[in-house]
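Here's the structure, in structure tokens; my notes come after.
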Amino acid sequence: MSFFDTLETRSADERAADLAKALPEQIARAKSAAGYATLLDGVDPAAVTSAEALAKLPVLRKSELSRAQAEKPPFGGFTVKPAHGFAHIFQSPGPIYEPGGVDGDWWRMGRFLNAAGIGQGDLVQNCFSYHLTPAGMIFENGARAVGAAVLPAGTGQTELQVTAARDVGATAYAGTPDYLKVILDKADAMGVELAFSKAAVGGGALFPSLRQEYADRGITCLQCYATADLGNIAYESPAMEGMIVDEHVIVEIVTPGTGNPVAPGEVGEVVVTTLNPDYPLIRFATGDLSAVMPGVSPCGRTNMRIKGWMGRADQTTKIKGMFVRPEQVAALVEKHDEIVKARVIASRDGEMDAMTVQIEAAGGDEAAYARSVIEVLKLKGKVEVVDPGALPKDGLVIEDQRTYD
């Protein structure tokens, strides 16, 4: 087995020692960016040397980044270089603007492509979009980092995709999980045999049945978890047991609506700190749910693993005409020391909305909890006090049980 570099096989002590050096440097870079003036006010970078210390800093949410960019375009003051200092500027829905570089595998996608077996001698048909959004360039830079050639195919024009793949002898596919099937089915209809044996996918769900269909065609398909803001966050290896966290990010799993880490193994929101020196996103909330897996991968890579994408953390729900947000549920928990966690359940009572607030606590004043529910959630609801440990560990703080059939 070939590793991308020696970082992938570090011991826990080596990784912690390296983090103790890299994290303060990154916090210092962030503090030099105007966008962090309030978020990191009073923070001593030298004191932030571990994931535990990092967890005490505020979370940066995409909504805050969007507002900052609107006030101070294009990057809201969160980069350490001006816009013209980057190779590319991308736009994602929102709009959100992201910087991009071309040197040194800026997006860190080479590690994933190497794990997928892609390297020198391969020709990657890159079917991610090159138009405004960064996905196409992210994967192209990764291919360059592992010495593979690239056919910059982009999206659409499937018949031309088939012809090009045949003519140039493409051996690997990069794109969304389902578009490879579209290409393969079109090739079958055209009577064309393609040479794909590897696929590196992202940006959508890779269902087991689809992965098996590719395997039946002789194509090994692995997936990564990446975002336009952060680049590669985690990736599969041939072991296909969870996703291994990239070596240049720190991943935390927190209770949605807060910055508080969940217990090991519990589902929560993915919060990422990147060590990219050009764009130092600190505790950036992705809005995605996942959970940490115990142990290390059988493939020999030793970094923390997560279960991959498990849904969205933004569980904002309208009840009785009022929005209830995860941040409000977190505020309710903070009002009472004895509350461990809480869960809001939206349901129907006849033709009317109903709300139940389940509170996990060892006793306490139920009437006081009810008053806090009205104060914080701005709604009346039934309060149920349950024993500590009784609520599901599935990352949900707001559960909508209503059906609209």
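When a residue number appears, it is its place in the shown sequence, counting from 1.
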Using distance alone, with no hydrogens and no angle criterion, decide if Asp122 and Thr171 have a side-chain donor and acceptor under 3.5 Å apart. yes
Do Glu25 and Lys21 sit within salt-bridge range, that is, some charged N less than 4.0 Å from a carboxylate O? yes
Assess the side chains of Trp107 and Asn276: does a donor N or O sit below 3.5 Å from an acceptor N or O? no
Please tell me whether Tyr97 and Gln69 have a donor and an acceptor in their side chains that are separated by less than 3.5 angstrom. no
Quick one, Arg217 with Asp188, criterion salt bridge (Lys or Arg N to Asp or Glu O under 4.0 Å). Give me CA distance, side-chain angles, the key distance, then yes/no. CA-CA 12 Å; Arg217 289 176 174 262; Asp188 290 344; 2.7 Å; yes
Are Asp394 and Arg343 close enough for a salt bridge, meaning some N to O gap below 4.0 Å? yes
Could you work out, with side chain to side chain donor-acceptor pair (under 3.5 Å) as the rule, every residue matching Glu327, not counting sequence neighbours? none
Assess, by modelled atom type and distance only, whether the side chains of Ser92 and Glu98 contain a donor and an acceptor separated by less than 3.5 Å. yes
Please report the shortest heavy-atom distance between Phe196 and Ala165, naming the atom on each side. CZ-CB, 4.0 Å
For residues 31-57, pull every pair meeting ring pair (Phe, Tyr, Trp, His ring centres under 6.0 Å), keeping only residues two or more places apart or in separate chains. Tyr36-Phe78
Could you tell me whether Lys62 and Asp229 have a side-chain N and a carboxylate O separated by less than 4.0 Å? yes
Looking at Arg15, is its backbone amide N or carbonyl O close enough to the side chain of Glu247 to form a donor-acceptor pair, meaning the two atoms are under 3.5 Å apart? no
Is Lys31 atom NZ crowded by more than 12 heavy atoms from other residues, nucleotides or ligands, each under 6.0 Å away? yes
In plain terms, say whether Glu384 and Lys382 are close enough for a salt bridge, that is, a side-chain N and a carboxylate O under 4.0 Å apart. yes
Minimum heavy-atom separation for Ser237 to Ala115, with atom names? CA-CB, 4.3 Å
Partners meeting side chain to side chain contact (heavy atoms under 4.5 Å, CB included) with Arg144 (sequence neighbours left out): Glu140, Asn141
Strictly by modelled atom types, are Gln26 and Arg29 linked by a side-chain donor-acceptor pair under 3.5 Å? yes
Spacing of CD belonging to Gln223 relative to CZ belonging to Arg211, to within rounding of 0.5 Å: 5.5 Å
Please determine if Asp353 and Lys320 form a salt bridge, counting it only when a charged side-chain N lies under 4.0 Å from a carboxylate O. no
Can you tell whether the side chains of Arg312 and Asp314 come within less than 4.0 Å, N to carboxylate O? no
Return yes when atom CG of Asp337 has more than 12 non-hydrogen atoms of other residues, nucleotides or ligands closer than 6.0 Å, and no otherwise. no
Write down the atom of Ile319, the atom of Val344, and the distance for their closest heavy-atom approach. CD1-CG1, 4.0 Å
Taking Glu269 first and then Arg61, would you say they form a salt bridge - that is, a charged N and a carboxylate O separated by under 4.0 Å? yes
Does the pair Glu159 and Gln157 meet the rule for a side-chain hydrogen bond (donor to acceptor under 3.5 Å, both in side chains), with working shown? CA-CA 6 Å; Glu159 189 168 322; Gln157 298 182 298; over 6 Å; no
Could you list the residues that satisfy ring pair (Phe, Tyr, Trp, His ring centres under 6.0 Å) with Phe139, not counting sequence neighbours? Phe128
In terms of side-chain heavy atoms, does His248 have a donor or acceptor partner in Thr274 at a distance below 3.5 Å? no
Do you see a donor-acceptor pair shorter than 3.5 Å between the side chains of Tyr179 and Thr158? yes
Nearest heavy atoms of Met109 and Ala226, plus distance in Å: CE-CB, 4.0 Å
Pair Glu338-Tyr369, side-chain donor/acceptor within less than 3.5 Å: yes
I'd like to check the side chain to side chain contact (heavy atoms under 4.5 Å, CB included) partners of Pro261; sequence neighbours left out, ordered by chain and number. Ala55, Glu252
Please report whether the ring centroid of Phe86 lies less than 6.0 Å from that of His88. no
Once side chain to side chain donor-acceptor pair (under 3.5 Å) is applied, do any residues pair with Thr176, and if so which ones, sequence neighbours excluded? Asp178
